[in-house]
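Beneath this line is the structure, given in C-alpha cells, with notes to follow.
In this chain, residues are counted from 1 in sequence order. Because the structure is a prediction, the values reported are computed rather than measured.
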Amino acid sequence: MAKLFRTAIMGPPGSGKGTISKRIAQNVGLQYLSSGHFLREGIAANTDAGVLVKGYVERSMLVPDHLMSRLMLPRLEQLTGHSWLLDGFPRTIAQAKALNDICQMDLVISLNIPFETLRERVSDRWIHPASGRVYNMGFNPPQVQGRDDVTGEPLIQHADDRPEALQARLRHYKDVAKPVMNLYKKSVLLSNAEAASKPLGSLSQGILYQFSGTDTDRIWPYISSLLSTKISTQPLDTCQPSAQA
C-alpha cells in the first residue's frame, strides 16, 4: 500500500464488526486496531489508564470518553507510519472529535443490521474473557462446547448479551452513534451496490458509507469493492498529528 489509509468501522452489538474487520485486515492489508484489545492490554500492563479502566470494566460500566481517548490516542500517534482500521473507537461524538484533533479519517464504514438478526447473533454469542475471542453457537462454535479453542479456558456469556438486555443496548448505541455518523456524513446514505460503485467525486466530502443486510458474506463483497476503489485513488497521506497534538 503506497499511501497511508485510515478507516473505522461502526455497528451495534452483533453486527459483525469483528468478522468484517478481520477480513479487511487479511484482504486489504490494514492493521486491525480493536479498542477491546487495547483495554485488555492496558489492564494487563497495569498502566495508569489501565488501572482506571479496570474499575469500570469490573463494574460492567462504560469507560468514560476522556479515559478512552487517553488510552487510544497515544497509541494511534505511535502509528503515524501505518495504515489501520479502528474497531470500537470512536464510539461517541466526544471521542470522534478527539480523534479528529490528531487525524483526518479517510473512510468510516457503518453496518446497519436488522434487529432480529442482531438478537439471534447476540443470544448465541460466547466470549473468552482474557483474549476477547468471540464464538457463535450458530455459525462459529468452539471445538469443545463451552471452552476456548486456544487455551481451553471456560467461555462466558455477558449479561448484556442476553436477549432481554439487547434492546436497551441498541437504543443506547443509536443515541451515541447518530452524532458520530452525522459528523462523518456529508452525503446521502446509499444502498450497498451504490456505495461500492458510486463515483467518489459525486459524494462530496462525506466519508461515511453504510451497508445493510442480514448476511455478512453478502455484505462483504460491497465493502471489499469500496475499499479497493478508495485505497487505489487515495491521493496522499491525510493523517498526520496536528500542531496541537
Side-chain angles (χ1 to χ4, degrees), residues 1-11 16-42 49 65 68-111 132 177 180-187 189-190 195-211 219-245:
M1 188 178 301
K3 301 296 182 180
L4 299 182
F5 189 83
R6 277 61 181 269
T7 184
I9 187 166
M10 300 178 62
K17 290 192 284 84
T19 300
I20 293 291
S21 296
K22 289 174 183 176
R23 291 187 182 185
I24 291 174
Q26 293 168 0
N27 291 276
V28 183
L30 298 180
Q31 185 171 345
Y32 176 35
L33 306 177
S34 164
S35 63
H37 170 77
F38 286 144
L39 287 171
R40 290 187 295 273
E41 189 180 67
D65 290 333
M68 280 300 301
S69 296
R70 177 179 169 185
L71 183 75
M72 296 294 297
L73 297 184
R75 302 298 300 272
L76 297 178
E77 289 179 317
Q78 294 171 3
L79 296 171
T80 55
H82 298 267
S83 297
W84 43 250
L85 163 70
L86 275 173
D87 174 9
F89 185 89
R91 289 183 185 271
T92 69
I93 189 64
Q95 293 175 18
K97 290 180 177 178
L99 178 61
N100 280 355
D101 285 341
I102 70 161
C103 179
Q104 180 181 338
M105 300 291 290
D106 297 300
L107 173 68
V108 176
I109 296 167
S110 176
L111 302 178
V180 179
M181 290 191 287
N182 287 339
L183 180 70
Y184 292 125
K185 179 180 67 177
K186 296 180 183 177
S187 60
L189 295 178
L190 306 173
S197 63
K198 198 78 170 176
L200 296 179
S202 67
L203 292 176
S204 184
Q205 300 301 310
I207 61 169
L208 178 76
Y209 290 73
Q210 181 165 296
F211 294 88
I219 295 174
W220 166 246
Y222 297 109
I223 295 177
S224 178
S225 176
L226 171 67
L227 284 165
S228 297
T229 302
K230 291 284 282 182
I231 290 173
S232 67
T233 58
Q234 185 67 10
L236 46 78
D237 174 16
T238 57
C239 185
Q240 293 293 342
S242 67
Q244 298 176 347

**Report entry** Nearest-0.5 Å distance, CD1 of residue I24 to OG1 of residue T19
**Finding:** 11.0 Å
Report task. Using modelled atom types only, decide if a donor and an acceptor are shared between the side chain of S225 and the backbone of P221 within a distance under 3.5 Å. Result -> no
Query raised in the report: Given side chains that start at C-beta, do those of R75 and L71 come closer than 4.5 Å, heavy atoms only?
Result: no
Report summary line: Correct closest heavy-atom pair for I9 and S21 would be CG2-OG, 3.5 Å
Report task. Output every pair passing side chain to side chain donor-acceptor pair (under 3.5 Å) with a member in residues 24-39, not counting sequence neighbours, ordered by first then second residue. Result -> Y32-D87
Requested in this report: Would you sort out whether V28 and I223 count as a side chain to side chain contact (heavy atoms under 4.5 Å, CB included), showing the intermediate values?
Outcome: CA-CA 11 Å; V28 183; I223 295 177; over 6 Å; no
Query raised in the report: At what distance, to the nearest 0.5 angstrom, does CD of Q210 lie from CD1 of I109?
Result: 12.0 Å
**Report entry** Least distance between heavy atoms, G81 atom then L4 atom
**Finding:** O-CD2, 3.6 Å
Query - Spatial distance of atom CZ (F38) from atom CE (M68) [nearest 0.5 Å] - result: 10.0 Å
Query raised in the report: Which residues satisfy the side chain to side chain donor-acceptor pair (under 3.5 Å) test with R23, sequence neighbours excluded?
Result: D217
Requested in this report: Return the minimal non-hydrogen interatomic distance between S110 and M181, and the atom names on each side.
Outcome: OG-SD, 3.4 Å
Report task. State, yes or no, whether a side-chain contact exists between F89 and L33 at a heavy-atom distance under 4.5 Å. Result -> no
Report summary line: dist I207:CD1 -> R6:CZ (nearest 0.5 Å) comes out at 13.0 Å
Query - Rounded distance (nearest 0.5 Å) linking atom CG of L30 with atom NE2 of H82 - result: 12.5 Å
Report task. Could you give me the CA-CA distance, side-chain angles and deciding distance for F211 and I20, then say whether side chain to side chain contact (heavy atoms under 4.5 Å, CB included) is met? Result -> CA-CA 11 Å; F211 294 88; I20 293 291; over 6 Å; no
Query - With L86, the side-chain contact (heavy atoms from CB on, under 4.5 Å) member among L99, V108, T7 - result: L99
Query raised in the report: Minimum heavy-atom separation for S83 to F5, with atom names?
Result: OG-N, 2.9 Å
**Report entry** Qualifying residues under salt bridge (Lys or Arg N to Asp or Glu O under 4.0 Å), relative to R40, sequence neighbours excluded
**Finding:** none
Give the table of side-chain donor-acceptor pairs shorter than 3.5 Å for residues 90-98, with sequence neighbours excluded, one pair per line with atom names and distance.
unit_1	atom_1	unit_2	atom_2	d
R91	NE	G88	O	3.2
T92	OG1	D65	OD1	2.8
T92	OG1	D65	OD2	3.3
T92	OG1	Q95	N	3.2
Q95	OE1	R91	N	2.8
Q95	NE2	D65	OD1	3.0

Query raised in the report: Under the side chain to side chain contact (heavy atoms under 4.5 Å, CB included) criterion, do L107 and L227 qualify, and how do the steps go?
Result: CA-CA 9 Å; L107 173 68; L227 284 165; 3.5 Å; yes
